[in-house]
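Everything on this sheet refers to the single structure shown next.
Labels below follow one simple rule: chain letters A, B, ... track the order of the sequence lines, proteins then strands, and each chain is numbered from 1. Just so it is clear, the structure is predicted and the values come from calculations on it, not from any experiment.
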Amino acid sequence: MSNAFRLARGGRIDRDRPLHFRFDGREYQGYRGDTLASALLANGVHGVTTSIKYGRPRGIMAAGPEEPNALVQVEKPFPEPMLTATTLALRDGMEAAGLPGRGSLATEPDPARYDAMHAHCDVLVVGAGPAGLAAAVTAARSGARVILADADTESGGSLLGTGELLDGAPATVWVQRAVRELAAHPEVRLLERTTVFGHYEDNYAVAVQHRGDDAPSRQRIWRIRAREIVLATGAHERPLVFPGNDRPGTMLAGSARTYLHRYGVLPGSRAVVFTTNDSAYAAAIDLHDAGVDIAAIVDARDVVSTYWASLCVQRGITIRHSATVAGTSGTERVTGAYLANLSHGATHAMNVRRVVRCDLLLVSGGWNPAVQLHGQSGGAVRFDEDTASFLPEPDDRRVRSAGAAAGAFTTAACLRTGADAGAEAARACGFAAEPGTLPDAKHPPVLAGYRGPWFLPSPIDNEGGTQFVDLARDATVADIRRAVGAGMDNVEHVKRYTTIGTAHDQGKTSGTTSTGIIAELLGRDVADIGTTTSRAPYTPVTFAALAGRDRGDLYDPIRVTALHDWHVEHGAPFENVGQWKRPWYYPRRGEDMEAAVLRECRAVRTGVGMQDVSTLGKIDVQGPDAAEFLDLVYTNKMSTLRVGRIRYGVMCTADGMVFDDGTLMRTAEHRYLLTTTSGNAAAVLEWLEDWLQTEWTHLRVHLTSVTEHWATIALAGPHSRDVLARVTDIDVDNDAFGFMDWRDGTVAGRSARVCRISFSGELAFEINIPWWYGREVWEALHDAGKRFGITPYGTETMHVLRAEKGLPIVGQDTDGTVTPYDLGMSWAVSKKKDDFLGKRSFSRVDTARSDRKHLVGLLPRDTGVVVPEGSQLVATTELPAPPVPMLGHVTSSYRSSVLGQGFSLALVKAGRERIGETIYSPVGGRLIPLEVTEPVFYDKEGARRDG
Amino acid sequence: MLLLPCPWCGPRNETEFHYGGQAHVRYPDDPQAVSDEEWAQFLFFRDNPKGTFAERWSHRMGCRRWFTLHRDTRTHEIRTDDRTSPARTVTR
Amino acid sequence: MAELYGESPLTSRTHALDRDSAPQAVRLTEIAFTPQIGLRVDPKSSAAERISTAIGAMLPHQPDSAVHTGDLLVLALGPDEWLLVGREGTAGALQATLTAALGEDHGAVVDVSAQRTIIGVSGPMSRDLLNQGCALDLHPRAFGEGRCAQTLLARTGVVVVCRDAELPSFWLLVRSSFARYTADWLADAATEYRTTVPAAPGAAANDYAVCS
Amino acid sequence: MPRTPGADLPEHPDRLWHNPDPKSSYDAVIVGGGGHGLATAYYLAVNHGMTDIAVLESGWLAGGNMARNTTIIRSNYLWDESAGLYEHALKLWEGLEDELDYPLLFSQRGVLNLAHSLQEVRDSVRRVEANKLNGIDAEWVDPQQVAEICPILNTSPDLRYPVLGATWQPRAGIAKHDHVAWGLARALDRMGVDLVQNCQVTGFERVGDRVVGVRTTRGTIHAGKVALAAAGQTSVLADELGLRLPIQSHPLQALVSELLEPVHPTVVMSNAVHVYVSQAHKGELVLGAGIDSYNSYSRHGAFHTIEREMTAAVELFPMFARAHVLRTWAGTVDVTPDASAIMGLTPFEGLYINCGWGTGGFKATPGVGWCYAHTIAHDEPHPLNAPFSLERFTTGALIDEHGAAGVAH
Ligand SMILES: Cc1cc2nc3c(=O)[nH]c(=O)nc-3n(C[C@H](O)[C@H](O)[C@H](O)COP(=O)(O)OP(=O)(O)OC[C@H]3O[C@@H](n4cnc5c(N)ncnc54)[C@H](O)[C@@H]3O)c2cc1C
Ligand SMILES: NC(=O)c1ccc[n+]([C@@H]2O[C@H](COP(=O)([O-])OP(=O)(O)OC[C@H]3O[C@@H](n4cnc5c(N)ncnc54)[C@H](O)[C@@H]3O)[C@@H](O)[C@H]2O)c1
Ligand SMILES: Cc1cc2nc3c(=O)[nH]c(=O)nc-3n(C[C@H](O)[C@H](O)[C@H](O)COP(=O)(O)O)c2cc1C
Ligand SMILES: [Zn+2]
């Protein structure tokens with residue numbers, strides 16, 4: 001039965017390019033230019049799948065994205081669920097299967113690439129039918145930058161499927177001319193196979209381009225910022241609601257015409273045409289002329305057009321007016337239509353008069369303008385009684401509709417409204433634009449459509465259980481009836497009760513009809529009921545397309561320091577700290593993490609270690625009021641810091657909670673260098689700018705981020721001075737270079753700024769050199785330190801060492817609910833300053849409580865234990881029934897080489913009052929006894945910092 | 001994706017900016033002198049109008065300047081006189 | 001130079017950038033070790049005038065504009081903020097000139113030479129390449145020579161400078177820690193131009209595409 | 001006959017509610033016919049014998065955030081105060097289906113909250129340990145166990161932010177939001193409570209500091225007690241009384257895929273690789289992420305939020321690459337400074353407030369109803385909601401759930 005329904009001639013397929021494909025396991029052949037649907041129809045296949053709820057056979061209903069039925073699962077070249085056969089371009093070797101409602105996802109990874117592109121234009125035209133082409137050509141001639149996007153594989157829109165004439169020649173000739181003209185404009189971008197699927201604020205339109213499996217990216221998201229938008233998205237034909245209206249072989253009349261003209265396919269041999277308006281007549285005539293036996297035209301109207309009647313008479317086609325299809329026969333495919341007369345006013349159907357045999361039932365219930373994007377853009381719609389459809393309400397936003405999307409249902413009107421819209425849009429962008437002369441399109445007089453009930457009365461099915469409204473969701477008139485009966489009078493409730501409009505097609509064919517039926521059942525106006533909300537996407541879009549190229553390593557920037565490669569070469573695993581990669585520890589052969597960290601800790605405590613601390617945020621603060629400013633943002637007093645000196649400082653948010661900490665060095669009378677924690681650098685800078693620019697505008701201060709200008713190397717341990725001395729010209733003697741001093745000089749021949757800061761409690765230095773010299777200086781220090789057994793250490797060791805000294809880490813030992821007092825840092829909170837950020841909050845009732853959680857130390861009675869971080873703390877030796885009162889939790893916990901045991905920092909209710917007490921932590925079903933201690937475990941007197 | 005008019009750099013995509021909430025919220029002249037209630041108002045209570053809202057934005061990925069906009073919270077429309085005569089700095 | 005300057009943020013990527021360039025379409029190169037000085041000063045002040053005199057050009061008033069004066073490129077980054085990009089080896093001199101011109105007035109001169117590196121993007125598809133991740137309108141009418149902008153490229157901040165609108169050619173100034181990410185991102189974006197030329201409209205024969 | 005398992009969702013009843021005109025006076029009116037308003041009316045009737053009540057809804061019943069949420073239910077919050085309230089709600093969920101005699105499709109399929117950094121691991125363990133002591137089923141699971149629970153999740157260490165483990169609450173899950181609303185509504189309708197739709201409250205009737213009724217688009221209605229349950233719109237109402245609140249209304253978006261064969265057995269939430277996903281009964285994947293940054297009442301979010309969310313989704317679930325986004329939407333959520341709700345008395349006598357549930361109040365629905373009804377009936381907060389007072393912002397006793405709530409749920 002190969003291509004038995006393919007005409008010998010005609011259509012826009014490439015007959016020299018046959019394509020082989022499999023559907024539901026069977027081999028077929030089609031041509032390049034076919035969709036899967038047209039190729040199936042050419043092979044006589046209508047039935048594509050079964051319906052989701054009732055398992056009824058379902059076929060191809062439409063020829064575009066409005067298709068409610070013909071869902072397929074692509075199996076090859078790569079599995080993709082739920083595509084409509086009517087929009088799926090055929091390719092050689094394609095394998096697909098009918099999909100009864102639910103798709104399946106591939107288990108192997110998608111090999112395709114997806115990307116995105118930003119674009120700007122004066123005028124974006126959506127849709128390249130007659131209206132869109134006219135709009136684009138008009139706007140382009142004015143010199144405006146134009147983007148014309150169309151979902152289809154070629155431009156022309158409906159003109160590709162109607163066989164009509166423009167200026168006496170096939171309309172496609174004009175289409176080609178228009179496209180050629182547009183392509184020649186340097187300021188025009190033509191986007192074929194590109195569906196504009198979303199409209200967002202300020203005319204930001206998003207589109208997906210289907211570039212094909214072999215393209216550099218399979219799909220591309222276009223992010224288009226347009227000054228003006230013309231929506232020329234056409235209209236979708238409405239099916240009719242009658243018993244058995246879902247049998248395969250039932251097809252929209254206009255779609256049948258498209259299959260004929262565009263694909264050279266006859267969708268059947270004997271057709272009944274059932275319509276409520278003029279538009280189906282053209283389909284009937286064209287199909288008849290192509291060889292389809294038109295068994296009858298059933299027109300629900302009492303009066304039919306004399307123009308079309310005479311054409312039918314010439315061809316011997318019978319028209320039955322005031323009639324309806326009251327039911328259908330057939331199982332896998334329609335075999336006949338039951339015709340009945342309609343009473344006057346069409347409120348009742350008479351008994352079935354006649355059964356007409358057919359294998360094709362063409363239906364047309366009028367047209368729904370594709371107002372989805374208009375709706376997304378915030379545009380209103382109004383119900384138009386004449387066309388029984390919702391039309392876009394024009395407004396003064398920069399989005400305008402044209403053509404069938406605006407209710408212009410003749411080609412002449414589409415061309416005119418398109419050209420007008422294009423000209424207006426271009427003018428709105430400041431271009432002198434005039435709609436030029438348009439091709440001549442003949443159109444017959446149009447007779448008003450049928451105004452009877454939205455579901456046709458039938459003696460066969462009173463409840464409407466076989467009268468399908470949303471075929472994709474298997475929802476019927478009976479379902480709407482039940483919803484309304486349940487008390488629902490809102491279209492949104494009915495949608496959710498019946499699920500109408502919630503399938504892949506988002507109710508393109510069912511929306512207006514279901515509103516009509518609700519109105520009818522409630523005896524209210526259609527306009528009153530209205531529509532459901534249009535939402536992006538207009539047609540479904542793959543997750544992968546939206547994800548684009550921000551995948552894998554590009555998911556989020558990987559920030560590295562100047563020393564990164566050295567760390568890699570030396571085997572360090574990395575810790576993610578914000579976007580930074582920081583070396584975590586440097587395992588030697590055979591070492592696990594714990595062993596490596598204990599070794600690194602020992603090295604710092606007894607010899608010397610070195611760490612890359614370049615990730616610390618650094619901000620240059622300058623200006624005559626810098627000191628005053630810093631006094632306001634730090635809890636400490638910073639104005640008293642002397643040039644050449646460094647001070648540790650804490651910043652709080654205005655609610656008194658610790659926000660960041662770091663060191664501040666005074667580099668000149670009016671200049672400081674401030675450091676922040678690694679993850680917080682951007683936030684701190686923004687926070688400082690905020691206060692400077694919006695609150696303390698009188699302060700003369702400038703902030704400059706210099707984080708990456710400097711590479712920073714920490715050198716820590718009793719031998720750090722010895723190492724540094726070998727490579728620097730700075731006098732590193734304790735008297736010359738004291739704790740919390742900084743000095744400029746050279747290190748390994750490069751100019752450097754060296755600070756005496758210690759985060760480990762040991763004698764330590766931090767060496768800052770411009771990024772470019774980072775590795776060179778690091779290696780020089782490493783060489784110089786060899787004789788002292790210099791040991792590179794990572795973040796984990798740094799954490800252990802600082803915890804032994806009771807130094808908290810913001811974000812680990814604090815969680816946004818902790819004040820400096822809670823941390824036991826009242827020494828860092830100035831009592832002398834009138835104000836600073838956070839000060840006022842310390843006296844609030846809750847913040848001033850003495851039983852708040854305090855940072856304390858914990859020592860397990862069992863020295864072999866390291867309590868897991870995050871463990872909760874309780875006061876009792878046995879757990880009562882929940883809820884168990886909790887005292888706090890363990891924030892940091894490690895095994896210490898110097899203590900020879902595990903130890904923790906914890907936030908504990910009234911912790912400082914509990915020092916010396918024993919509290920407990922439930923760990924793995926046991927209660928571990930812990931002694932509450934001061935948070936400083938090692939070198940409490942601070943004797944080691946001078947070496 | 002809002003298109004926000006930075007008074008310095010011109011219209012830019014929302015993703016370049018950081019939102020700062022209500023504008024013109026003043027830091028008390030003397031925080032130590034205000035009551036707990038007034039302090040709480042300053043810290044946590046903000047207008048949340050349905051309609052025009054004076055709000056702060058920082059052009060984080062651009063010039064790093066803070067500025068004020070009047071935006072309709074129903075439609076996201078930005079009052080056009082702000083486009084032409086933007087507030088350059090604000091008092092919170 | 002390496003002797004003098006150590007290692008630039010993209011030293012390890014030099015080869016990769018070269019490989020990932022698509023000679024007919026886009027070329028990616030690092031322009032390393034350029035002196036860069038951040039300048040903050042009130043544009044209406046006499047200090048600003050003195051600085052203009054010292055560098056031989058008015059500080060551009062309009063943010064997002066870039067002017068050349070001799071070897072110096074002056075980028076206006078904000079209402080009172082500029083980034084001066086000089087010729088290799090002149091950082092110290094430039095900083096001294098600016099500091100001297102600023103004198104005792106309120107302002108800031110900060111050496112940020114190593115804070116950012118520069119990636120050059122040139123060739124006919126440069127705009128296309130950048131627009132894969134940069135939302136600016138790079139059309140020559142909107143962003144020609146004399147223009148610069150601080151903006152987002154993919155997921156990081158950059159300063160984009162139009163060097164030549166005709167060729168075209170752009171500079172991206174990117175923070176050193178993000179440089180590799182940006183380079184990798186650009187190289188990945190250039191995949192498009194290294195493989196075959198994109199299919200002409202409608203000419204995708206072997207295509208499995210969805211038309212809506 | 002149904003071809004697809006799960007497509008045969010339970011039928012709704014033939015009768016849900018009547019649409020009465022509002023009376024001129026009630027013992028109590030509840031402003032807002034979302035889940036919280038309905039549940040509150042329900043427990044006022046059931047626990048406190050009050051049935052002369054009206055629920056006033058400006059639009060269609062449960063068409064606010066109740067119609068828009070990703071339906072995640074769990075109780076594994078950090079602080080005792082939250083744990084108490086959410087766990088109470090979860091226990092009520094466990095009996096609600098029977099009580100309402102309505103298929104709520106409450107499915108306790110568990111929830112995984114992923115940890116992607118060492119700090120997230122610490123925070124997660126902390127929360128799990130706190131949960132356990134609060135009697136909440138919670139577990140810390142390592143990457144391998146994560147993979148066993150949810151095999152389609154990418155637990156490879158090569159991920160930019162690898163999964164380092166997760167918290168696991170087996171009793172958590174999802175329920176079908178509309179069914180919940182309608183089940184409550186039907187019960188209320190049967191008990192004689194008036195559910196009044198298309199009735200927007202525009203102001204209040206006051207005698208001094210006492211609120212004695214509401215002005216509505218359908219006339220003035222007197223009431224002994226007025227209880228606000230208006231979620232994202234609360235500030236607009238409070239403005240009428242000059243009552244400033246610490247809430248900001250933001251868009252929160254969600255989206256669904258087409259219907260798919262069951263692939264996703266549980267609920268997965270990730271703060272760092274920001275997305276949360278479950279698969280609804282019908283088969284669609286339901287996904288959400290964080291709020292949009294700015295204040296808005298538009299029920300419309302920004303597209304870059306969706307793009308970022310999809311990136312996260314495909315990173316964590318590579319098999320979702322060729323799933324399709326079918327529909328996106330947004331709700332208006334009321335966000336507080338500490339990511340915890342506000343429920344209790346107000347400076348006005350006879351006026352009660354429940355708001356600030358932000359991105360995560362669906363799960364609390366029955367718990368809110370229970371406690372809020374108590375607050376209204378007794379003019380005093382239930383012990384479970386006492387900590388959620390407005391005063392906490394003055395005293396500083398915030399209940400900071402940013403960690404447990406993420407930016408959403
Ligand atoms: C996208 C999204 C995802 C979410 N996901 C989750 C989740 O997974 N889990 C979770 O627990 N929570 C989630 N939430 C949050 C949850 O939806 C809300 O916290 C919860 O629904 C709020 O309570 P409600 O149901 O009463 O609100 P709503 O349903 O919004 O009810 C408020 C009602 O008040 C009405 N109203 C407002 N003003 C007036 C007036 N003046 N007069 C009369 N009526 C008025 C509104 O029309 C509305 O119907 C999500 C929210 C969103 C938007
Ligand atoms: N006889 C009738 O009653 C009747 C009714 C309706 C339409 N028509 C005819 O149909 C034609 C309508 O012309 P038109 O130009 O208004 O529409 P059209 O249908 O010819 O073209 C619309 C185009 O828009 C594209 N499109 C739709 N949505 C899109 C999106 N979101 N993104 C990208 N592309 C999208 C479609 O692919 C299509 O090519 C006229 O010829 C008219 O006579 C006739
Ligand atoms: C849990 C859940 C599942 C949903 N599933 C679907 C669906 O399968 N198809 C659909 O079109 N919409 C679905 N929706 C979205 C609704 O259609 C709708 O967008 C949402 O209720 C918000 O309302 P609005 O878009 O009318 O403003 C779902 C919503 C939720 C909350
Ligand atoms: Zn700016």
Name the region of [X], side chain, backbone, both or neither, that has any atom closer than 4.5 Å to a heavy atom of chain D.
X      : result
A/Q506 : side chain
A/R223 : side chain
A/Q579 : both
A/L879 : side chain
A/T847 : both
A/V874 : side chain
A/A503 : backbone
A/Q812 : both
A/P109 : neither
A/H504 : both
A/A536 : both
A/E108 : neither
A/N490 : side chain
A/S841 : neither

Selection from [options] maximising heavy-atom pairs under 4.5 Å formed with chain A:
options                       : value
D/G135, D/S298, D/A397, D/A83 : D/A397
D/R299, D/H116, D/R186        : D/R299
D/H179, D/H304, D/H300        : D/H300
D/L255, D/T395, D/N198        : D/T395
D/E129, D/R392, D/E307        : D/E307
D/M310, D/R327, D/Q119        : D/R327

Would you mind checking which part of [X] comes under 4.5 Å of any heavy atom in chain A, side chain (CB onward), backbone (N, CA, C, O), both or neither?
X      : value
D/N134 : both
D/F317 : neither
D/S124 : neither
D/I152 : neither
D/Q197 : side chain
D/A185 : neither
D/V273 : both
D/P13  : backbone
D/W140 : neither

Open item on the list: Can you confirm if the NZ or CZ of D/R308 lies within 45° of the ring axis of A/Y555 and under 6.0 Å from the centre of its six-membered ring?
Closed with: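 Checked: cation-pi criterion met.
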
- [ ] Answer yes or no for D/R126 and D/W79: cation-pi contact, defined as NZ/CZ to six-membered ring centre under 6.0 Å and angle to ring axis within 45°.
- [x] yes

Between [options], which shows the greatest number of heavy-atom pairs under 4.5 Å with chain D?
options                        : value
A/P880, A/A112, A/A547         : A/A547
A/E201, A/Q376, A/M82          : A/M82
A/P81, A/S893, A/A545          : A/P81
A/G816, A/G552, A/S871         : A/G552
A/L99, A/I809, A/V577, A/D815  : A/D815
A/E575, A/M657, A/R849, A/R549 : A/E575

Task: Pairing of A/D474 and A/R58 as salt bridge, 4.0 angstrom limit - done: yes

Open item on the list: One thing to verify: whether A/R582 and A/E796 come together as a salt bridge, which I'm taking to mean a side-chain N less than 4.0 angstrom from a carboxylate O.
Closed with: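 Salt bridge: no.
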
So does [Y] get a backbone contact from the side chain of [X], meaning a donor-acceptor N/O pair under 3.5 Å?
X      : Y      : answer
D/E57  : D/L61  : no
D/N154 : D/S156 : yes
D/D338 : D/L398 : no
D/E139 : D/T167 : no
A/Q73  : A/S104 : yes
A/D110 : D/M319 : no
D/R160 : A/R551 : no
D/S270 : D/V275 : no

Open item on the list: Please check if the number of heavy atoms outside D/N19 that lie under 6.0 Å from its CG is greater than 12.
Closed with: yes

Open item on the list: Just checking D/F303 against A/F197, ring centres under 6.0 Å apart?
Closed with: yes

Open item on the list: Are A/H493 and D/W17 an aromatic pair, judged by ring center distance below 6.0 Å?
Closed with: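 Ring centroids of D/W17 and A/H493 are less than 6.0 Å from each other.
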
Assess, by modelled atom type and distance only, whether the side chains of [X] and [Y] contain a donor and an acceptor separated by less than 3.5 Å.
X      : Y      : result
A/R473 : A/T499 : yes
D/H18  : D/D189 : yes
D/S82  : D/E401 : yes

